[in-house]
Structure formats: C-alpha cells, structure tokens
Amino acid sequence: MLTKIDKLSIMGVRSFDNAHPETIQFHTPLTLIVGYNGSGKTTIIESLKYATTGDLPPNSKGGAFIHDPNLCGEKDVLAQVKMKFNGTTGAKMVLTRNLQLTVKKNTRQQKTLECTLMVNKNGERSALSSRVAELDQIMPQNLGVSKAILDSVIFCHQEESLWPMSEPSALKKKFDEIFEALKYTKAIDNIKTLRKAQNDALKVFKTTEQFTKDIKDKGDKAERRSKALGAELKTLREEITELHNKTKEAEDKWIEATNKGAQYTSVIKDLEHSRKREDWLQTTVQELGHDLKEQRKESDEWLQSELDQYAERVAVHEQQEKQQKQDYEKLTRKIHGINEQLRRKDAEAGRYQEQRLNHEDQIKKRKLMIQKTSSDHKIRGYENDLDDMQINDYMEKISKLSRDQIAVVEKARTDKNREKEKAQDGLTQLDRQRSALNEHKKFAKQQSAANDRKIGSLQSDINKIQTDEGGKAILEDKIKDLETRLSKSRDDSKKGSWDMKLQENKSQLRKLVDEIAQLQDDVVQVSKQAEDRAELNIAKKEAADCQRNLQKMRDVYGERLEVILGHGWQPSSLEADFRKVNDQRSRLVREAEREREGVSRRLEQIDFKLSSARSDRSKGEKETAICVKKLSDNVEGEPEDYPKTLSAIQKDRDTLKADIDNYDNERKYFTDGIALAHKEHKCKLCLRNFQAKEQTDFISRLEKKIAKQTMTQIGEELSVLEDDLRNTKDAGPSYETWVRLSQEELPKLIADEKRLGLERENILRENEEREKIVEDRVEARRDLESLASSVKSISEYARDLTKYSGRVQELTVEQKDTVISRTLDEIQEQIRVLGGKSQDKTNSIKNLTDNKERVHSQINAFELELTKAKGSLTSAHHQLEKKADIFKNIEDLKKSNGECRDQVKRFDAQLDELAPKMETEKTKFEDIEQRGSDKERDLRLEATRLSESLHQLKLANQNVDAYSREDGAARLEQCQREIESAQRDKDIAEEEKTRVTRMINKIQKELTNHDANKRTIADNIKYRRSLRELQDVKTEISELSAQNAEADQSHWKKESRYWEGQHDKFKTQKTSKLGSSKAKDDELLRLIKEWDIDYKDAAYNFKKAHIEVETTKAAVEDLGRYGGALDKAIMKYHGIKMEEINRIIEELWKKTYQGTDVDTILIRSDNEAAKGNRSYNYRVCMIKQDVEMDMRGRCSAGQKVLASIIIRLALAECFGVNCGLIALDEPTTNLDRDNIRSLATSLHDIIESRRHQSNFQLIVITHDEEFLKFMKCPDFCDHYYRVYRNDKQKSCIAKQSIVDVM
C-alpha cells in the first residue's frame, strides 16, 4: 500500500500559540506554503520531521523547539504535534507527540511526554501508547521509507539542505545511511562471522572425529591386550611362590653369619680409629714445635692464668687510645674553625680596606662630576672644593633644571598635539565631505540599479500582456458584426409571418412543379458557384480585417519602429530586420559587458595590490614600532642616536680595559717606591733622601693612589660597561631594521599605496563609464525587446493579408466564367418547395415551424457570443490601460536614471575638486608632525642629559654617605683586633695537638707488644696438651692389637657374603617376577578402568563426531554460497540505483540549469579498496566540456542550491516509491531569475508526470510568489496556505485562493 500524509496540527512549537492549534491539510499533487521570513514556514517542515522521525531540528537543544514560556507568562508550556496519515497497511493513523518545557530559577528543562499512535483499519480502532524510542522505530515502517530518507531527503532541514556539498566523510555517512549499507554490510559480516565460526567448529569437529577414531582404535587394542595379560599373570604367580621359599632359606643363613662377624668388627674399627688419631696428633705436635718461638718454663696453671687476664689489660690500653684520639679530633676541629674564622676576618678586613679606598675615590669622582656637570649645563660658582651644604645646594639646583627641562618637553609635546589636532580637524572635515559625497554617489548608483531592476520587472509584465491594439480592433469588429447579425435576426423574427409564408410556399409549390426537371440540371453548377462565392466573401472579409489590424499596428508602433529600423521598413521583412537589429544590440551588450568585466578584473587586481600594500605598510609600521621600543629599552635617546651611543660605550669600555691592563704595573711601581722609602728613606724616581715629614707625606700619597685603584671597583665598572655594550649590541639588528624600514621600505610602501590609490580611482571612473555604457545598451535592447510581441503580430497580419488578397484574386477570376445568376440557396429552396408537392400540408407546417425555432436559437447564440466578446473587449481595455501605465512608469524610471547619472557626474566632479585640498591638508599635517617631533627630540635629549647627570650625582652622594653611615673605619679596626685574638688561640691549639699525637703513638706501640706475648702463651699451652693426647692414643693401640680379631672376622665375612649373594639373587628374581606381575596386573586394571572410562562409548562417539563433521561441512558451503550471492546482489542493487539516480540528475540538470559552464552533474561512487567492494566513497562531480571534476569547492552558491535540490529530487524518485512525499524549503535561495524560472518549469513537469500517482505530494515553502507563477500552480491546486504573524506575534496558517498570487 502507498502512504500519504493528510493533515498536520501544531500547537506550542516555536512561534505557534500554545493555547490554540493551527492545522494544515496536504493535498495531491501539490501543497503551497507562502509567507514572509520569520513567519513560521520552516516550523511546519520541522514539525513533520519531528513527527515522523522523532528528531528535533538542529541547534534546538535547551527547549528552543518549544514556544518560550516567557512570551506567554507561564512556567510550563505544553507542545503538541499531531499528524494524520495513511500507513503502508492501508490503515488511517493519527500520531500525537507531546513535549513539555519547564522554566526554573536558573535553568530550563525539556521533557518528552507519552506519545500515542491511533490506528483505524477497516473500522476497527486501536491505540498504541509507547515510549519515544519504540515509536521512532514504528513510524518509518508505517511510512514505507527509512529514517535516513525522511531525515535527509523528504524533510531535509533548510540549514542542512546543502549536505550533498559537504565534506567526503559526512557525504559518505549520508549515502551509507540512505542505501542502508550498514544493515547489508552487517548482514554479510554476520554471514562471514557465522561461516568463520562454522569453519572453526568444523576444525574442532574434525579434530574430535580424529580423536574419537583414535579412541575407538585404542579401545579395540586394549581389549585384545587384556585377554593376553590374564594368561601371563597366571604363570607368573606360580613362579613367584617358588622363589619366595628359596629366598627365605638364604636369608636365615645370611643373618646367622652376619651376627657372628659383627662381634669382631667393632674391635677392628676402634683400632683403625686410634691409629689414624695417632698419625694426626704426631703431625700436630711437630707443627706446633716448629712454629713455637719461645718455650716457657712456667707451669701450665700460670700460663693459663696469664692468658685469661690478658684481655683486661688490652682493654685498658685501647680505652686510653680511644680517649686520646677523641681529644685529637676535637683539637683538629678547633684549629679548622679558627682557620675558617681567620679566613673570614681576612676577607672582611679586605672589604673594609677596599671600602675605605673606594670612599676616598668616590669623593674625588663626585667633585669631578660636579665640575663637569657645571661646565656642561653652564652653572657657575661650583668650580672649587665644596662642602656638604654647597653640594646639597647644587643638587637642588640641577634637580630644578631637570624638572624645568621636562616641563619644556611636555609643553613642546602639547603644542605639537594641539597643532596636529587643529590640522586633523581640517583633514577630518574634508574626509567627511568626501565620505558624504561617496555615500550620495553610492545611493545614486543604488537608486539607478533599483530603477533598472524595476524596469526589468515592468518589462516582464509587459511581455506577459498578450493583448495589443490589433486584437482590440478585431474584438470591436467582431462585436459590430455580431450586433448587426443579431439585429437582422431579430428584425427577421419580427417581420416574419410564418402562416403567410406557409400559404405562399404552398402556392409556389403548385406553380413550380413543372420546373423541377430544369432545376435538377442546374444544381451541380449552382452548387459550385455558391461555394466559390462564399469562399470569396470570407476571403474578402479576412483580408479587410488584416488590413485594418495592420494599419492600427502601424499607427501605434510605426514611429518607434522607424526610430529603430528607419523610414523604409516593410511589414513583409519586418521580423527579419527586427531580429537582425536585436542580434546587433545583443552583441553590443555582450561586448560592453566583456569590456566591463575586464575593467572589473583590473579593479579586483588593483584592490588586491592596494590591500597587500596597506597590509605591508601596516606590518612595516608595527615592526618599526617594535624596533623603536626595543631601542628605547636598551639605549637612551632617539633611534637615530644609536651609532653615537654605541661608539661612546665602546670607547668607555676600551679606556677602562686599558686602565685594568696598567693597574698591576702601577701598583708594583708604587709598592716598590713605598718599600724603598721605608728601607733607605729615598725616592725611587730621583733617589733623593727624604726628611721625616716628606717621607710620611710621600708614603701617604702613594698609599692613596694604590687605594684609589681598587681592582674590585674597576671590575664592577667594567662589568657594568660590558652589560651596557652587550645590550646595546643586541639592539643592533633592531636599529638596522629600523633604518631599513623607516628610510627605505616604508617610504616606498607609502608611495606605492598612494600610486595604487590614484590608479584605483582612475579604474573606478573607467568602470563607472563602462557600467553606464552597459546600462545604456541594455536599456536600448530592453526597449527593442518590448516591441517583440508587436513585431510578431505585425508580421503575422502582413502574411495573412498577402495570403487572403491572393485568394480573393483567384476566386474573382473564377467567378467571371460562371453564367448562372441564381444562387444555390434559391435553387435548393425551389427544390424543397417542389419536393413538398408530394408531401401533405402537415409536413409543410412542420418545416416552417422548425425554421422559426432555428431563427430563435440563432438569436440566442448571437446574444451569448456578443456577451463573451464584450467581456473580452473590456478585459482588453484593462490590459491596454495597464500596459500604457507600465510604459509611463518605465519612462519615469528612465528619466530618474538619467537624473541619477547626472548626480553621479556632479559628485565625481566635487570629489575631484576635493582631492587636492585633502592632499594639501595631509602635507600640512605631516609637516607639523615632523617639526614638532624634531623639536621635541632635541628638548628631550637635553632633558635626558640633565636627568642622567642628576642620577649619577645622586649615586655618587649615596656611595659617599653610605660609608660614613656604616662607620667603615671603626669596623676595620675591630676586625684587625679579632684577627690577632684568633691567631693566638690557633697557636695554643697547635701545641696541644702535638702533645696528644705523641701520647697516641706510645699507646699503639704497647698494644702491638701485647699481641705477641698473647700468641706465645697460647702456643705453649696448645703444644703441651697435644703431647699428652699423643701418649694416651699409643697406649690404647697396644691394648687393641693384643685381641687378634681380624682373622675371625674374615671367615664370617666370607660366609655372610655368600648367603647374602644367594639371598639377593633369589630376591632379585622374585622381585623381577613380582614387578612383572604387578606391572601386568596394573596394566590389566588400567586397561579395565580405561575401558570403563574412555573406550566404553568410543564407537558411539566416533559415529556422532563423523555426522557432525559432514553436516557442518555442508553448512559452511551453503553459507559461502549465500554470502557471495548476497554480496553480488548488493553490488548489483547499488549499481542499478546509482545509474537510476545519475540518469534522473542528468535529466533534471539539463532541463533546469540555464548556465553554459556546467554541462551536467553526477554522483560518483568509488570503491574504498580492491577487496572492500561493499563500501564506497561518494563525491558530487560536474562535467565541463567532457572533463569531470569534483563540484565541491568549485561551484557557486546558486549551483550548490540547485544541485542539492536536484539530488534530493532524484533520491526521492528512487527511494520514495511507497512514500511519494517531498518538501522543498525555500528552493530559490541563491538562484538567479533564469534558474528560478527553469526550476519552476522542471517542478511543473515533475508534478505533471507524477500526478497520476495517488500518493504523490510535493510541498513547496517559499516567500517568492513569482516562483509560484512560473510553476503554473493553478494547474494543480486551487488554494494555498499563507503563514503569517497575528497581532500577538503568534504564527497562524490561513487557506487562500491560488488566484491571489497569480
């Protein structure tokens, strides 16, 4: 069964009221929905999509799909979408979906309520109330299409309508969903998985079969082995009994001999042990005697006592040694601490000495700095030595000078800014004037363009009016003719006396009986003459009508045609001449448009160059500012002073390095001079002897010079200069970049930008001129095209006039040859009268009555035709009046265009006058900027020098004051006293350390002698004990040798070994037999147990495993064949569908697209890999001159929209057989007028071809009412739906007549 949607009810969705539902009914084959933007048209499609799929529109999370509660002043809003449709089962269904939006304090909560599906099939009603997820699965089944088709094709949202132009991955996902590739792929994969599982099971079954077969074979073998083992066990049991008796007898005799031999074995073992101990003790005594250094004479008790007390004496000496070592370590740590203290104090004394020398040097440097600063800044009265009060006074004076100079700099900057603002005001005023003129010019152009669009629209309206003056004249003539004929018929009806005519006819019948034969002979010629005469009259009438209409058309359009074609135009050649002029003007328009496009491309190129130049200039200015900032961070002064600053820092650094190099030589020279003065009281330079006071002064001067040149201070100053030089050099690339940009690149970029700006102005003027030429030529062609329908009418009238005039001449010549004066009607009337002679009176009366009724019918027909003709004439009057009004409007718009062009020229002239003034103001502004910057830079340099001098003086004062504040001289004396005290403590500790060292050496020597004594005593005790043990062992050996036990032991040992051998022999044989018996018995038990466990069901298991192998093998083969068949079927289905889709797309594209740049489009599906034949990558391609290329990224916005619509139509045609519904939301977006018209025509053809399909429903949503006219919608529907906002801004749906928009 085919599905069809009947009605849709919307309540509480988007802008639709939540209190009253709005309903729309969908018709076949076309449903139109019209309304302004924002009225709620798209909400209808969103509601249809939500009802059928359960999916909310894009970007509608958080309750955006539901009517806002704030608009109706409620906390909860209930939304409902209800749809009535016919399902695939033929049942009538009503679907209801409910939503709720609750507004809380800070959040909004959207909730889906229970949904219902009412089913009415054959009068039986049922209701399904289910959850949303279940309903979402049921709806596509009842509609007969998949969810993907509903989502992406039938009810595609406007925001997602361009999905065919999306990226490859998204496009592949869409087409896979449409083709339901995942479902079929999963089916094939499931088949493969199942086949693989069956293969795996087959392997297991084969293994099981082989295993059960082996088990069965083993069971048969075990059965045969069990029988053989039973016979062997019986024989072995008899042999074991005999061997048991022999073993028992041999064992008794072996035990008896062993017991007798054992009595002598212990004696022999004791003897052997004693002999071995004798040998060992003998060796030990010899080794101890050899190693013994001194044999002591004391008794054993005294030696043992000495050895026992030895540990106590050693412990006392070790304790003394440990105590002395601890004292030694304490003294060592104490001396190390004193040394560390001395090192710190020496370093501290050196720092204090250096600070004293630095203090004296800072005082001299401050004096020189004050003198230099006074000289530089022309401050008098500070050339001699100064006290602290004078120095403070000087500091206040130079501080005031620095502040005054900073104020002068600020004043200069303020004056410069004030002059700049004044100049900028003038420049801004001129710029405003230029902007105002440009706006006026732009408005004039926009007004002209709007007028052109209106003219085009009015011209289209003129072309739609088919009525002209010739048609009107024809209608007037037709009305006059009908009035004449009607009047004549009425007069005939009034004057006609039918009874009298009846009598006359009867009389004539009697009189003319004799003339019947003659009349019969003349019938043929008279009939021919009557036909020619009637044709002649008709031809003359038609020729006269054509002549009259042609003359009226000449009167109306003659002057305009003379202007276009000249005075000698003829109606016969008018159409060809008009077409020639039209082609000529079209060619001129195309040439003008090509020239305009060339200028436009040049304008685009110059705009790009100008934009690049401005970007480069801006980039250069930013880079210059960065360089200036970096220079200002590292170098004082302006950027152009960088080389001087760098040279000065390098010079100071080199001077200081030279001072460091000379420092050692000068210091050595001065030190030698002081030593010579102390030793010989002489001067090192002149070798003159000093007096006592002279020597003191000389040494003091040299010490001051040495103290002045402290290495630490010089090193610090050098480090500072090195840092300054490194920072300054780091700024070198920034200075080079600044020089390159400010002196080379930026001036060039500014000049290029100015040049490109002038060039752009020239091209703009040229573009405006070309635009005017195109407008003039288009207007001329439009004037010409407005006469096209009239020219066609004139040509048709001329051709008809020529045709009818020729026919009149032919018939006139033929009439001259005829001689019969009576007409065919007269002869026929006579024949009828003569024929009435054989009829009775009743038949004659009947004939007259029929003639009377015929006249009355003719009068009624004339009246009806006259009424229709008058209505057509009235309509023609209205059409011609409308046409005249349109012509008047066109003339007014052309006049307005002329005024706009005059305004543009006037504005251009004013802009040309304004340009030199702006250049002059810009030059003044730049001059003020340059002069002010130069003055400010000079003043700032002077202020910087003053500030630097002040800063250096403050640093010098701080250094001088710091030494006095910290009391450096007293701290130096205190440090020297602490050094002397520490040195005395160190000497005392060194003496004590020497004493402790001697004591430790003495104790260690005594400990060494103690070890030697201990070893001597221990060795003597051990030697005496070993001699006593050796004597005892010799006595024991003598006693054991006297017993003679070895001979008796030998006899009984021999006897014992014989019976032991016999016992072992019989026992081994018995054990062997027992082992064999046990093994065979165990084997038999094992076989019996294995039979019960493993082999009992072996035959049955083998049979079962063999059956499973064969059946599984057949299943694997069947699954392989089924999977291959399904795979091929999917491939074939995909190929057929893609071919059908591309065929429909090509047909629609060629019928719809009006451009010439794209021949056709198609969807190309490529295999992802050689093996993966069921997975495709999709792309939309276009064909240009037999070259195929991807459409994505190469097409315009209009081409995207048109291609997307065509692809959706093709997909709906292929996949929507059961559900013949498709909705187009604003299909004219981004399309030009020609493509809109062709799209409308294509949709008209589609509807016309499928209107016989009972469930075909096309829903068109648009605000373009002209598009509906192009579609010829009245052919398919009588009404349309208008969506609008009421006074409460709620969306409403109203049904209106289609005539309102036609």
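Because the structure is a prediction, the values reported are computed rather than measured. Below, each value reflects all heavy atoms present in this structure, side chains not excepted, and no hydrogens, waters or symmetry copies.
At distances below 3.5 Å, at least one donor-acceptor pair connects side-chain atoms of Gln1154 with backbone N or O atoms of Thr1152. Gln1257 places a side-chain N or O within 3.5 Å of a backbone atom of Ile5 that can act as its donor or acceptor partner. One N or O on the side chain of Lys1137 and one on the backbone of Cys1214 form a donor-acceptor pair closer than 3.5 Å. Using modelled atom types, no side-chain atom of Thr1228 and backbone atom of Leu1231 make a donor-acceptor pair closer than 3.5 Å. The backbone N or O of Gln25 sits less than 3.5 Å from a side-chain atom of Tyr1281, completing a donor-acceptor pair. Judged by distance alone, with hydrogens and angles left aside, the side-chain atoms of Ser1291 form a donor-acceptor pair with the main-chain N or O of Ser39 at under 3.5 Å. The backbone N or O of Asn86 sits nowhere less than 3.5 Å from a side-chain atom of Lys92 that would complete a donor-acceptor pair. Using modelled atom types, one side-chain atom of Arg195 and one backbone atom of Val1116 make a donor-acceptor pair closer than 3.5 Å. Side-chain atoms of Arg108 never come within 3.5 Å of backbone atoms of Ala64 as a donor-acceptor pair (strictly under, hydrogens ignored). Side-chain N or O atoms of Arg97 include one that pairs as donor or acceptor with a backbone N or O of Ala51 at under 3.5 Å.
Note that CD of Gln198 is 10.5 Å distant from CG of Asp1118, once rounded to the nearest 0.5 Å. Interatomic distance, CG of Leu1148 versus CZ of Arg1143, reported as 9.5 Å (0.5 Å rounding). Distance check: Ser169 OG to Lys174 NZ gives 12.0 Å after rounding to the nearest 0.5 Å. In this structure, the separation between CG on Asp1278 and CG on Leu30 is 11.0 Å, given to the nearest 0.5 Å. In this structure, CG on Leu1209 lies 12.5 Å from CD1 on Ile1141, to the nearest 0.5 angstrom. In this structure, the separation between CD1 on Ile1144 and CG on Leu1162 is 14.0 Å, given to the nearest 0.5 Å.
Ring centers of Phe1276 and His1244: under 6.0 Å apart, within the cut-off.
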Assess whether salt bridge (charged side-chain N to carboxylate O under 4.0 Å, His left out) is satisfied between Asp189 and Lys192, documenting all intermediate values.
-> CA-CA 5 Å; Asp189 290 340; Lys192 285 189 172 182; 5.6 Å; no

Starting from the C-alpha separation in whole Å, work towards a yes-or-no answer on side chain to side chain contact (heavy atoms under 4.5 Å, CB included) for Leu32 and Cys1273.
-> CA-CA 9 Å; Leu32 298 177; Cys1273 295; 3.5 Å; yes

Kindly indicate, with the supporting measurements, whether the criterion side chain to side chain contact (heavy atoms under 4.5 Å, CB included) is fulfilled by Tyr36 and Arg1285.
-> CA-CA 9 Å; Tyr36 297 112; Arg1285 294 287 187 104; over 6 Å; no

Take Glu22 and Lys1290, measure what salt bridge (charged side-chain N to carboxylate O under 4.0 Å, His left out) needs, and give me the verdict at the end.
-> CA-CA 10 Å; Glu22 293 290 335; Lys1290 309 288 186 180; over 6 Å; no

Using the salt bridge (charged side-chain N to carboxylate O under 4.0 Å, His left out) rule, take Arg1282 and Glu1265 through it: C-alpha gap first, then chi angles, then the decisive distance, then the call.
-> CA-CA 11 Å; Arg1282 179 170 294 278; Glu1265 297 182 0; 2.8 Å; yes

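Here the rule is side-chain contact (heavy atoms from CB on, under 4.5 Å) with Leu1221, and of Leu150, Ile1259, Thr31 only Ile1259 fits it.
By the 4.5 Å heavy-atom criterion applied to side chains, Asp1264 and Ile1236 are counted as neighbours. Within the 4.5 Å cutoff, the side chain of Pro140 has no heavy atoms near those of the Thr52 side chain. Within the 4.5 Å cutoff, the side chain of Asp6 has no heavy atoms near those of the Lys4 side chain. Looking at Pro21 and Ser9, their side chains come closer than 4.5 Å, going by heavy atoms from C-beta outward. Taking 4.5 Å as the limit, some side-chain heavy atom of Phe85 sits within range of a side-chain heavy atom of Asn142. Side-chain contact check for Asn1142 versus Ile1163: some heavy-atom pair is nearer than 4.5 Å. Proximity of Thr89 to Lys121: side-chain heavy atoms (C-beta onward) are separated by under 4.5 Å at one or more points. The shortest side-chain heavy-atom distance between Lys7 and Phe26 does not fall under the 4.5 Å cut-off.
Between the side chains of His1279 and Gln1296, not a single donor N or O lies within less than 3.5 Å of an accepting N or O.
For Glu124, the CD atom counts as loosely surrounded, since its 6.0 Å shell holds 12 or fewer non-hydrogen atoms of other residues, nucleotides or ligands. Within 6.0 Å of atom NZ in Lys1184, more than 12 heavy atoms from other residues, nucleotides or ligands are found, so the atom counts as buried in its surroundings. Atom NZ of Lys1151 sits in a crowded spot, with more than 12 heavy atoms from other residues, nucleotides or ligands closer than 6.0 Å. Annotation: Arg1121, atom CZ; neighbour count of heavy atoms from other residues, nucleotides and ligands within 6.0 Å is above 12.
In this structure, the ring pair (Phe, Tyr, Trp, His ring centres under 6.0 Å) partners of Phe65, at least two apart in sequence or on a different chain, are Tyr50. For the side chain to side chain contact (heavy atoms under 4.5 Å, CB included) test, residues two or more places apart in sequence or in another chain that qualify with Thr1160 are Glu1146, Trp1149, Lys1150, Ile1183. Residues forming a ring pair (Phe, Tyr, Trp, His ring centres under 6.0 Å) with Phe1270 (at least two apart in sequence, or on another chain): none. Residues satisfying the ring pair (Phe, Tyr, Trp, His ring centres under 6.0 Å) test with Phe1215, not counting sequence neighbours, are Phe179. Partners of Asn1230 by side-chain hydrogen bond (donor to acceptor under 3.5 Å, both in side chains), not counting sequence neighbours: none found.
Here the closest non-hydrogen pair linking Arg1192 and Ser166 is NH1-C, 3.3 Å. Closest approach of Cys1292 to Asn1286, counting heavy atoms only: SG-ND2, 3.5 Å. Of all heavy-atom pairs spanning Asn18 and Cys72, the tightest one is ND2-SG, 3.9 Å. Residues Val1180 and Met165 approach most closely at CG1-CE, 3.6 Å, considering heavy atoms. Taking both residues in full, the closest heavy atoms of Asp17 and Met11 are given as O-CG, 3.4 Å, listed atom of the first, atom of the second, then distance. Shown here for Val77 and His67, the closest heavy-atom pair between the two residues is CG1-O, 3.7 Å.
Annotation: salt bridge (Lys or Arg N to Asp or Glu O under 4.0 Å) contacts involving residues 1194-1216, sequence neighbours excluded, comprise Glu1213-Arg1250.
A salt bridge links Glu1266 with Arg1233: the closest approach of a Lys/Arg side-chain nitrogen to an acidic carboxylate oxygen falls below 4.0 angstrom. Between Lys147 and Glu177 no salt bridge is recorded (no basic side-chain N to carboxylate O distance below 4.0 Å). The existence of a salt bridge linking Arg1237 and Asp1234 is confirmed by a sub-4.0 Å separation between a basic side-chain nitrogen and an acidic carboxylate oxygen. Ion pairing between Lys49 and Asp151 holds under the 4.0 Å rule for side-chain N and carboxylate O. We find that Glu167 and Lys172 are not joined by a salt bridge, their nearest charged nitrogen and carboxylate oxygen being 4.0 Å or further apart.
Note: Trp163 and Phe175 have perpendicular aromatic rings, judged against thresholds of 30 and 60 degrees for the angle between ring planes.
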